[in-house]
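This report concerns only the one structure given below.
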Amino acid sequence: MTSYGGIISGDQTLDRAGALALFGFIHGSKRPNAQGIARPWEGYGPASPDTRSVSMSPAAGAGILAHSFGDDQIFHRIWFEPVSIEAGFIVEDREYALSIWNAHFDQYADITAIEGVTPEGTGISPDETPIRIQKLWEKVFSAAVFRIGPPFQHTVYRFTINGEDYELLITGMRVIAFAAPPNWDKAVSMGYAFDTVIATRERFKEQRRPLRLRPVRDAGLSLLLEGVDAERILNQLAYGHDKVFGVPIYPEAVFTNDTLTGQTSFNAANDISQFWNLHNLSQYVMITDHEKMQGEIKEVLEVSGNTISLKIPVNQEFTPAKSVIYPVFFGLLDTPDFSPKTDSLEEIRIGFQEFDDGSLGGIPGAEYLGLFPIEPDWSKLPARRMIYARHLMGYPGTIHEIGETTTRVPISVDMGVLMRKAEEFELLDFFCTHHGRHLRFWLKSPVRAFTLKQDMDPGATVLYVERNGAQDWYQGHERIYILMAEGELLVR
């Protein structure tokens, strides 16, 4: 192969390893060692060949050695990566790799100073200076973020290398594991708040699109504690007034007979197939020992069947027979309410509101037209109301005028639902899938509108009924549903 003024002539097949060897030969330097190559320059050492056919035509030499891609983009500089570490929710000690590569052929990289601005809760290792990095060598530092530290981590480490400053930014938010058992004599409440754009039209109000990708959750519970346990919770609540809590979703308790300490997966001993939050909205679970008031939060890798896999092994000691695993959400503490029951027994009422870290942003909802699936709880009577859309105008000392906005009178329905886990899963899935819908869904009236007077043959288009209450509510845009004796539901 011949070079004329930096132009390769002839039909040649080059791989990246061979091209780099030629580059090193021209400059009279050694080829970089594979161990000294970090991500930005990956593939320029003895990597697997990436063979490509290069066909070039001979040209007259210009007498100038052309610059190479390596000169312009890779070498003769210091590579410092990453420049920022976003630790997110800090639930345990974590370590991150910081790579400094001296990409100079002819000079050392001397680190003369490492300084931290608000370094509490973090650490750099090694941090003794000076540190010299040889030519074309890489030095890897460990950047640690600890579970104990300030509520909000915002730390800058400044490395002075050959007289120039390079900065590493570390950010994150610490989470407190709330491991207290609830008082089941008082109900544990879970709320799901939706936020959608409401457009006012002639036919009243319509949801157009969601403002959040998923609902914002809240939880309310009561604790009944005594002695040392009450004091520990009081201190934890005082400490966590400016922090984020890992809030257990108590109705979705997971039990296991497997060993937890040191493991990255375990099998649930109970059925978790209907746990909606665990399967849809929980990226973390908390392993809890209520007797010790001990909790450890772990990020979930996968939920498959009755097996829950974690990204990092469990560190603390847990006895399976005394442990409960909960899916968690990260929430802010509302003002707690303390009510002493005796001189040693304390009742604490607490509320949590899910923390919005920006991941709840909205996307347009899918179009949907279907039937609301859940039956009302008849122990709490459903209520139907007519909504009047009209305008009233009054004139001082004289008459009133009334005008209609629309000829249709819509109906609102308020009802409670008493359900098991299967119905709860179906209800939450319905709302979270279809909130912000562009089309409407049909809501079954809780009141029987009529009964059939005679049998109805297949293909019939006319129903003969008695006790017909539907005519009192019919406005021209409703549908009817018929519940068959076998449980099948017909909508027409």
Side-chain angles (χ1 to χ4, degrees), residues 16 20 32-45 47 69-105 107-175 244 283-284 297-301 310-313 330 357-359 361:
R16 287 187 289 181
L20 188 59
N33 188 291
Q35 302 303 321
I37 295 177
R39 286 186 293 274
W41 44 91
E42 189 173 2
Y44 285 91
F69 176 82
D71 270 337
D72 293 337
Q73 304 294 334
I74 298 176
F75 298 101
H76 311 297
R77 69 202 68 205
I78 300 293
W79 287 95
F80 186 93
E81 189 188 61
V83 296
S84 65
I85 295 174
E86 185 178 347
F89 291 111
I90 304 170
V91 297
E92 58 194 342
D93 296 348
R94 297 292 297 270
E95 288 191 0
Y96 302 86
L98 170 65
S99 173
I100 301 177
W101 183 45
N102 178 17
H104 288 284
F105 289 99
Q107 71 180 54
Y108 301 111
D110 291 322
I111 304 175
T112 56
I114 302 176
E115 298 177 351
V117 180
T118 61
E120 295 80 8
T122 64
I124 293 289
S125 178
D127 59 354
E128 300 85 2
T129 56
I131 300 174
R132 169 164 286 188
I133 305 177
Q134 300 293 325
K135 305 167 188 176
L136 298 179
W137 278 63
E138 178 192 22
K139 178 69 175 178
V140 178
F141 292 79
S142 174
V145 181
F146 304 116
R147 184 177 62 87
I148 303 300
F152 297 92
Q153 191 71 54
H154 192 281
T155 299
V156 176
Y157 281 98
R158 185 174 295 111
F159 290 70
T160 303
I161 308 174
N162 292 348
E164 297 185 12
D165 290 338
Y166 297 80
E167 292 185 349
L168 169 66
L169 173 65
I170 302 177
T171 58
M173 178 177 294
R174 282 176 174 79
V175 176
V244 175
Q283 299 178 351
Y284 294 83
I297 299 175
K298 291 295 179 184
E299 190 170 1
V300 176
L301 177 64
L310 310 175
K311 289 189 176 181
I312 297 177
F330 296 136
D357 63 341
S359 64

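Quick note: numbers below take in every heavy atom, side chains included, and nothing from hydrogens, waters or symmetry partners.
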Supply the atom-to-atom distance [X] [atom1] to [Y] [atom2], rounded to the nearest 0.5 angstrom.
X	Y	atom1	atom2	answer
H76	H104	NE2	NE2	8.5 Å
E95	F141	CD	CZ	14.0 Å
F159	T112	CZ	OG1	11.5 Å
T122	R94	OG1	CZ	15.5 Å
I114	E128	CD1	CD	8.5 Å
F80	L98	CZ	CG	4.5 Å

Begin with the C-alpha distance, continue with both residues' side-chain angles, and end with the deciding distance and a verdict on salt bridge (Lys or Arg N to Asp or Glu O under 4.0 Å) for R147 and D93.
CA-CA 5 Å; R147 184 177 62 87; D93 296 348; 5.3 Å; no
How about [X] and [Y]: do any of their side-chain heavy atoms sit closer than 4.5 Å?
X	Y	value
V117	H154	no
Q134	Y108	yes
T160	D165	yes

What heavy-atom pair brings [X] and [Y] nearest, and what distance separates the two atoms?
X	Y	answer
A87	I90	CB-CG1, 4.0 Å
A103	W79	CB-CD1, 3.7 Å
I312	E92	CD1-OE2, 3.4 Å
I148	R174	C-NE, 3.5 Å
L168	A143	CD2-CB, 4.3 Å
I161	A109	CG2-CB, 4.1 Å

Would you check if the side chain of D110 reaches a backbone N or O of N162 as a donor-acceptor pair within less than 3.5 Å?
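Looks like no, no N/O pair under 3.5 Å.
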For the side-chain contact (heavy atoms from CB on, under 4.5 Å) test, which of I133, I111, N102 pairs with I78?
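For I78, the side-chain contact (heavy atoms from CB on, under 4.5 Å) test succeeds with only one of I133, I111, N102, which is N102.
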If we ignore angles and hydrogens, is there a donor and acceptor under 3.5 Å between the side chains of E86 and S84?
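No, because no side-chain N or O of E86 sits under 3.5 Å from a partner of the opposite role on S84.
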Check against side-chain contact (heavy atoms from CB on, under 4.5 Å), F75 and L136:
CA-CA 9 Å; F75 298 101; L136 298 179; 4.0 Å; yes
Can you confirm if the NZ or CZ of K298 lies within 45° of the ring axis of Y284 and under 6.0 Å from the centre of its six-membered ring?
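No, K298 does not sit over the ring of Y284.
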